[in-house]
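Report on one structure; see the data block that follows.
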Amino acid sequence: MSPLISPSILAADFANIQREVEMLNESVADFIHVDIMDGVFVPNISFGIPVTEAIRQHAQKPLDVHLMIVNPEKYLAAFRNAGAEIITVHYEACTHLHRTLQEIKSLGAKAGVAINPHTPVETLIDVIEEIDLVLIMSVNPGFGGQKFIPNTFSKITRLKEMILQKNAATKIEIDGGVTAANAGQLVASGADILVAGSFVFRSADPAQTIQDMKSIHLV
Ligand code: DX5
Ligand code: ZN
């Protein structure tokens with residue numbers, strides 16, 4: 001099975017955002033991954049609602065919005081209105097995760113939950129049926145271009161087992177340090193969606209790189 005690919009616009013040329021989004025439109029990318037960082041939940045600031053809206057103006061692919069922010073529940077409607085089709089909040093930022101998931105779904109978006117590298121997948125067992133996608137961070141969130149953490153493979157296997165046991169429809173998304181070198185093993189472990197930032201945008205031909213990732217051989 002070929003993975004769904006969600007290129008991260010964080011690694012794009014922000015001075016030419018329209019051109020970058022048009023390149024993604026023409027490519028076989030399935031989503032556009034939009035990384036929102038607040039300088040509090042993570043030690044970096046990316047961009048916010050107006051830039052997300054600007055991306056949406058040109059995008060012909062669904063926006064997969066990854067909120068690396070504290071109090072994400074305050075901004076769900078704003079990001080939905082800015083064009084988010086998937087809204088992913090961090091487990092570590094949500095005191096009332098179940099309520100937040102209900103709110104995302106009531107806005108008509110798909111609800112995602114991201115977990116940091118130290119957070120065990122088992123912590124989601126009682127809410128897994130409410131989650132459309134689990135985003136496993138395979139680097140510490142905050143920056144693009146970091147090195148993939150290999151422990152991710154076992155997290156995917158355990159999460160996949162949990163999803164099957166619960167007979168849930170939850171998808172598994174992997175974010176951070178994803179390249180053609182680990183994509184095959186990620187998919188073989190059970191990943192459905194691969195996020196890739198620097199590997200795509202720093203390649204000579206980003207659209208071709210997306211195509212290559214999509215047609216990855218299982219290992
Ligand atoms: C990291 C972000 C990632 C990042 C991935 O905090 O959530 O989505 O853009 O970038 P690469 O693929 O370069 O690791
Ligand atoms: Zn991300």
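Quick caveat: nothing in here was measured; it's all calculated off a predicted structure. When a ligand or atom number is given, it counts from 1 through the structure's own listing order.
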Near-ring test Phe199/Phe148, centroid separation under 6.0 angstrom: no
Close-contact set for ligand 1 against Ser8 heavy atoms, below 4.0 Å: 8 (O), 9 (O)
Close-contact set for ligand 1 against His66 heavy atoms, below 4.0 Å: 7 (O)
Set out, in order, the CA-CA distance, both residues' side-chain angles and the distance that settles side-chain contact (heavy atoms from CB on, under 4.5 Å) for Met37 and Ile45, then state yes or no. CA-CA 5 Å; Met37 303 176 181; Ile45 297 175; 5.5 Å; no
Return the set of residues passing salt bridge (Lys or Arg N to Asp or Glu O under 4.0 Å) with Glu103 (not counting sequence neighbours), or none when no residue passes. none
Name the closest protein heavy atom to atom 10 (O) of ligand 1, giving the residue it belongs to and the distance to 0.1 Å. Gly144 CA, 3.6 Å
the protein heavy atom lying closest to atom 1 (C) of ligand 1 turns out to be Phe143 O, 3.5 Å
Just verifying a value: how many Å separate Leu67 CG and Asp35 CG, rounded to the nearest 0.5 Å? 10.0 Å
Counting from 1 in the order shown, the ligand 1 atoms closer than 4.0 Å to a non-hydrogen atom of His33 are 8 (O)
Under 4.0 Å to a heavy atom of Gly176 - the qualifying atoms of ligand 1, by number: 14 (O)
Here the atoms of ligand 1 under 4.0 Å from any heavy atom belonging to Leu10 are 9 (O)
For Asp132 and Gly112, indicate whether the former's side chain and the latter's backbone hold a donor-acceptor pair under 3.5 Å. no
Residue portion contacting ligand 1 (non-hydrogen atoms closer than 4.0 Å) for Ala196: backbone
For the 3.5 Å polar cut-off, considering only N or O atoms, please tell me whether Val195 and ligand 1 meet it. no
For ligand 1, which atoms have a heavy atom of Met68 less than 4.0 angstrom away? 6 (O), 7 (O)
Suppose we measure from atom 6 (O) of ligand 1 to each protein heavy atom; which comes out shortest, and what is that distance? Gly142 N, 2.8 Å
Ligand 1 to Met37, heavy atom cutoff 4.0 Å, flagged ligand atoms 6 (O)
Quick one: nearest non-hydrogen protein atom to atom 14 (O) of ligand 1, plus distance? Gly177 N, 2.8 Å
Return the residue, atom name and 0.1 Å-rounded distance of the protein heavy atom closest to atom 4 (C) of ligand 1. Asp35 OD2, 3.7 Å
Among all protein heavy atoms, pick the one closest to atom 3 (C) of ligand 1 and tell me residue, atom and distance. Asp175 OD1, 2.9 Å
Look up atom CD1 in Ile86 and atom OG1 in Thr88, then write down how far apart they are to the nearest 0.5 Å. 6.5 Å
Atoms in ligand 1 flagged as close to Pro141, the criterion being non-hydrogen separation under 4.0 Å: 6 (O)
Any salt bridge linking Glu85 with Lys110? Criterion: basic side-chain nitrogen under 4.0 Å from a carboxylate oxygen. no
Quick test: of every protein heavy atom, which one is nearest to atom 12 (O) of ligand 1, and how far off is it to 0.1 Å? Gly197 N, 2.8 Å
If you check every N/O/S atom of Asp35, which is the one nearest the Zn ion (ligand 2)? OD1
Among the N/O/S atoms of His66, the Zn ion (ligand 2) lies closest to ND1
Ser198 N/O to ligand 1 N/O under 3.5 Å: yes
Kindly indicate whether the side chain of Thr157, heavy atoms from C-beta on, has any atom under 4.5 Å from the side chain of Leu159. no
N/O of Gly145 under 3.5 Å from N/O of ligand 1, yes or no? yes
Please round to the nearest 0.5 Å and tell me the distance separating atom CD1 of Ile32 and atom OG1 of Thr52. 11.0 Å
Rounded to 10°, the OD2/Asp175 to the Zn ion (ligand 2) to NE2/His33 angle comes out at 100°
CE-NE2 distance between Met137 and His90, expressed to the nearest 0.5 angstrom: 6.0 Å
Heavy-atom side-chain contact between Val113 and Leu101 under 4.5 Å: yes
Can we say Glu130 and Lys105 salt-bridge, meaning some charged N sits less than 4.0 Å from an Asp/Glu carboxylate O? yes
Leu194 side chain reached by Leu4 side chain, heavy atoms, under 4.5 Å: no
